[in-house]
Visitor: 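So that we are looking at the same thing, I have put the structure below in C-alpha cells.
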Amino acid sequence: MAKWLVKSEPAECGIEDFAKAPDGVIPWDGVRNYQARNFLAQMAEGDEVFLYHSSCKHIGIAGIVTVIRSAYPDPTQFDPESPYYDGKSTREKPRWQAVDMKYVRTLPGLIPLEELKSMAGLEDLPLVRKGNRLSVMPVGEEEWQIILNQAG
DNA sequence: GCCAACGTTGGC
DNA sequence: GCCAACGTTGGC
C-alpha cells in the first residue's frame, strides 16, 4: 500500500471534520493542480494518507485518513455553482479527479512543520521544501515510519 | 497583512 | 515555444 500526504485548511476540511463526518468519509475533491491530480489518480483503495493542516495557526500533520474509493471524475468540475467549476472540462473528457477518504485517527499531538523540517530523513519530502505548493504528494515507506514514530 | 515562490495564461 | 503578467498558495 502506498502512502501519501495531503494538505488542507482545517477551516475547510481538517481532521476534526473527518472525525465528525458520517462514517468518517469525505470526498477529496476540488484539486485543481495537474501534478497533484496525477498523484490523486495513483491512489488505491487502502492507501494511508497523512492529513496536513495548512494556512492556520498550528500548521503540521494532524491525523491519518485512508483511501476508500480510488479516483473518479470530480463532480465539482461540472457544477457551475461550485467554486471548483471548470468550463473547459467535459463529462466525456473530465480534467479533474477526486477520491473518497475515510477517517482513521487523530494524532495524539500535532507534528508541527518546524519539527518535520528538523527531522532526519525527511529532506526529500516536498512538504518541507521552501516554496513548495504541491497539495498531494507521495510519502516513502521510510518517511512514513519516521513520521509515525514521532507521532507516537 | 505581507510577500516569496510557484503554476497558469495568453500575446507574440 | 518563449516569457511577462497575473493569480494563488501558504509560511511568517
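Every chain is numbered from 1 and lettered A, B, ... according to where its sequence line falls, protein lines coming before strand lines.
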Visitor: In terms of the nearest nucleotide of DNA chain B, which residue is placed more toward the 5' end: Lys88(A) or Asn33(A)?
Guide: Asn33(A)

Visitor: Between Asp86(A) (CG) and dT9(B) (C1'), how many Å, whole number?
Guide: 13 Å

Visitor: Rounded to whole Å, how long is the line connecting atom CH2 of Trp96(A) with atom C1' of dG7(B)?
Guide: 10 Å

Visitor: How close do Arg69(A) and Val99(A) get, counting heavy atoms only, and between which atoms?
Guide: O-CB, 3.3 Å

Visitor: Mind listing the closest non-hydrogen atom pair of Ser82(A) and Thr76(A) along with its distance?
Guide: OG-CB, 3.5 Å

Visitor: Between Lys117(A) and dC12(C), is there a side-chain N or O to OP1/OP2 distance below 4.0 Å?
Guide: yes

Visitor: What is the distance, to the nearest angstrom, from the NE2 atom on His58(A) to the C1' atom on dG11(C)?
Guide: 15 Å

Visitor: Report yes or no: do Val136(A) and Val128(A) belong to one cluster of Ile/Leu/Val/Met/Phe/Trp/Tyr joined by side chain heavy-atom distances under 4.5 Å?
Guide: yes

Visitor: Under the ring-ring contact (aromatic ring centres under 6.0 Å, His included) test against Trp96(A), which residue among Tyr84(A), Tyr34(A), Tyr72(A) passes?
Guide: Tyr34(A)

Visitor: Would you say a side-chain N or O of Lys7(A) is under 4.0 Å from OP1 or OP2 of dG10(C)?
Guide: yes

Visitor: For a quick test of reading the model: is some side-chain N or O of Lys130(A) closer than 4.0 Å to OP1 or OP2 of dA5(B)?
Guide: yes

Visitor: Quickly work out the Arg37(A) CZ to dG7(B) C1' distance and round it to whole Å.
Guide: 14 Å

Visitor: Identify which nucleotide among dC12(C), dG10(C), dG7(B) has an atom closest to any side-chain atom of Ser55(A), counting heavy atoms from C-beta outward.
Guide: dG10(C)

Visitor: Leu134(A) CG to dG7(B) P: how many Å, rounded?
Guide: 9 Å

Visitor: Quick one: Ile59(A) CD1 to dG11(C) P, roughly how many Å, whole number?
Guide: 4 Å

Visitor: Tell me whether the side-chain N/O atoms of Tyr34(A) come closer than 4.0 Å to OP1 or OP2 in dT9(B).
Guide: no

Visitor: Met137(A) CE to dT9(C) P: how many Å, rounded?
Guide: 14 Å

Visitor: Rounded to whole angstrom units, what separation is found between the CD1 atom of Ile61(A) and the P atom of dG10(C)?
Guide: 14 Å

Visitor: Return the minimal non-hydrogen interatomic distance between Pro108(A) and Ala151(A), and the atom names on each side.
Guide: CG-O, 3.4 Å

